[in-house]
Colleague: 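Quick one: the structure is below, and I'll ask about it shortly.
Naming: A, B, ... by sequence-line order, numbering from 1 per chain. Computation of the quantities below employed the complete heavy-atom set of this structure, encompassing side-chain atoms and omitting hydrogens, waters and symmetry-equivalent molecules.
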Protein chains: 2
Amino acid sequence: MSVTPAESQIMEALWIQGPLTASEVIAAVKDQDWGEATVKTLIHRLLKRGAIRSERADGRTVYRAVLERAAYVQAESQSLLDRLFGGEVAPLVAHFAERRSLKPAEIKRLRALLDELDDDAD
Amino acid sequence: MSVTPAESQIMEALWIQGPLTASEVIAAVKDQDWGEATVKTLIHRLLKRGAIRSERADGRTVYRAVLERAAYVQAESQSLLDRLFGGEVAPLVAHFAERRSLKPAEIKRLRALLDELDDDAD
DNA sequence: CCAAAAAGTCTACAGCTGTAAACCATTGTG
DNA sequence: CACAATGGTTTACAGCTGTAGACTTTTTGG
């Protein structure tokens, strides 16, 4: 169930704010300045593809994400790792480390993450 | 200087094997089973876009990557991080950690990376 | 209940991408 | 040198994506 970059903006709105009406979605992606028609098209394509669902209750239609954010993030990330880093996370981190583009705060955060992984070694 | 997924297969061949003739490129991406014509088209588009360059010496034309792999990897990775993880590496690692999809070897590797970063704290 | 507004569906269209055939140029070989 | 093979260029075309207008249906305020 693929989602294009433009469509993912719609998904993002639904993931963050929960089910929304069309006009709420339009408002939510206002920063993209797309015409309303454009947003309607994107919603429609997502519906057809099954990434979202529409629910009708007393005159209002709300759109709800079917595809979950975690699944989407996972698919996108794994695809990048596969294409560029042999499918693993460590080489990506290594790349950023070499670039020296890891801020100290990030390094700290990473270390904390690893420590936690050791802790709950279930 | 954008490179599409299909085109990136050509780049990959040039990055790994260095400058190649057209027929060597065709051989290098044989696993994709594309017709020769397809490979030629991809080479051409890369040329036009400036991602590769052709050099002619005594009757042979070789193609050489102009765009560097590290730059490409960086751009692609950063774009993913920006789209999905607030531009930072740590949240991506966190995501995989939550998924429990980090193999012990990877965790070890990550830890080693972080240690090195501390060491040469230049 | 009717008309205006809002919401939803259908159609359009240009540019990008994957895929490749056809055509033109070069080069090496008998 | 002529021709076959190889290499390079141009053209093609369908599907996807971004972008949006036009048309239809539903809702709602007077």
Colleague: For D/dT6 and B/Ser23 - does any side-chain N or O of the residue sit under 4.0 Å from the phosphate oxygens OP1/OP2?
Modeller: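 Answer no for this pair, as no side-chain N or O of B/Ser23 is under 4.0 Å from OP1 or OP2.
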
Colleague: Just wondering, do B/Glu55 and B/Arg64 contact through their side chains at under 4.5 Å, heavy atoms?
Modeller: yes

Colleague: Can you tell me if B/Gln17 has over 12 outside heavy atoms packed within less than 6.0 Å of its CD?
Modeller: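 It does: B/Gln17 CD has more than 12 such atoms within range.
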
Colleague: Could you tell me how far apart A/Ile52 (CD1) and C/dG8 (C1') are, to the nearest whole angstrom?
Modeller: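 Taking CD1 of A/Ile52 and C1' of C/dG8, I get 12 Å after rounding.
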
Colleague: What's the closest nucleotide to the side chain of B/Arg56 if the choices are C/dG8, D/dG8, C/dT27?
Modeller: C/dT27

Colleague: Answer with yes or no whether B/Arg45 presents, from its side chain, a donor or acceptor under 3.5 Å of a partner atom in the base of C/dG18.
Modeller: yes

Colleague: Tell me the interatomic distance from A/Glu36, atom CD, to C/dT9, atom P, rounded to whole angstroms.
Modeller: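 Rounded to the whole Å, the gap is 15 Å.
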
Colleague: So does B/Glu88 pair up with A/Arg109, basic N to acidic O under 4.0 Å?
Modeller: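 Salt bridge absent between B/Glu88 and A/Arg109.
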
Colleague: Between atom CD1 in B/Ile26 and atom P in C/dT19, what is the gap in whole Å?
Modeller: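 Between P of C/dT19 and CD1 of B/Ile26: 15 Å.
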
Colleague: Rounding to a whole Å, what distance do you find between B/Ile43:CD1 and C/dT17:P?
Modeller: 18 Å

Colleague: Where the side chain of B/His44 is defined as all heavy atoms beyond and including C-beta, which of C/dA20, D/dG21, D/dT9 is the nearest nucleotide?
Modeller: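 Closest nucleotide to the B/His44 side chain: D/dT9.
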
Colleague: Rounded to whole angstroms, how far apart are CE on A/Met1 and P on D/dC16?
Modeller: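 Going from A/Met1 (CE) to D/dC16 (P), I get 16 Å.
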
Colleague: Calculate the interatomic distance between A/Gln32 atom CD and D/dG18 atom P; express it in whole Å.
Modeller: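 Rounded to the whole Å, the gap is 11 Å.
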
Colleague: Closest-nucleotide mapping onto DNA chain D: is B/Leu47 or A/Leu42 further toward the 5' terminus? I mean the 5' end.
Modeller: B/Leu47

Colleague: Can you tell me which nucleotide in D/dG18, C/dT19, C/dG18 comes closest to the side chain of B/Thr38?
Modeller: C/dT19

Colleague: Report the residue (A/Asp33 or A/Arg60) whose heavy-atom-nearest nucleotide on DNA chain D is the more 5′ of the two.
Modeller: A/Asp33

Colleague: Just how far, in rounded Å, is P of C/dG15 from NZ of B/Lys48?
Modeller: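 Value for this atom pair: 14 Å.
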
Colleague: What does B/Thr61 touch in the nucleic acid at a heavy-atom separation under 4.0 angstrom: a base, only the sugar-phosphate, or nothing?
Modeller: sugar-phosphate

Colleague: Ignoring backbone atoms, test whether A/Thr41 places a side-chain nitrogen or oxygen under 4.0 Å from the OP1 or OP2 oxygen of D/dT19.
Modeller: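 For A/Thr41, the contact criterion (side-chain N or O under 4.0 Å from OP1 or OP2 of D/dT19) is not met.
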
Colleague: Closest approach to the side chain of A/Pro5, judged atom by atom: which nucleotide of D/dG18, D/dT19, D/dT9 is it?
Modeller: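 For A/Pro5, the side-chain atoms sit closest to D/dG18.
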
Colleague: Tell me if the CD atom of B/Glu68 is crowded by more than 12 foreign heavy atoms within 6.0 Å.
Modeller: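 No - once you tally the heavy atoms of other residues, nucleotides and ligands closer than 6.0 Å, there are 12 at most.
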
Colleague: Identify the residue among B/Val62, B/Leu42, B/Val39 that makes a side chain to side chain contact (heavy atoms under 4.5 Å, CB included) with B/Val25.
Modeller: B/Val39

Colleague: Base, sugar-phosphate or nothing for A/Thr4? Non-hydrogen atoms, less than 4.0 Å.
Modeller: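 Result for A/Thr4 = sugar-phosphate.
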
Colleague: Whole Å only: how far is the CG atom of B/Leu46 from the C1' atom of C/dG18?
Modeller: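 It is 13 Å, rounded to the nearest whole Å.
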
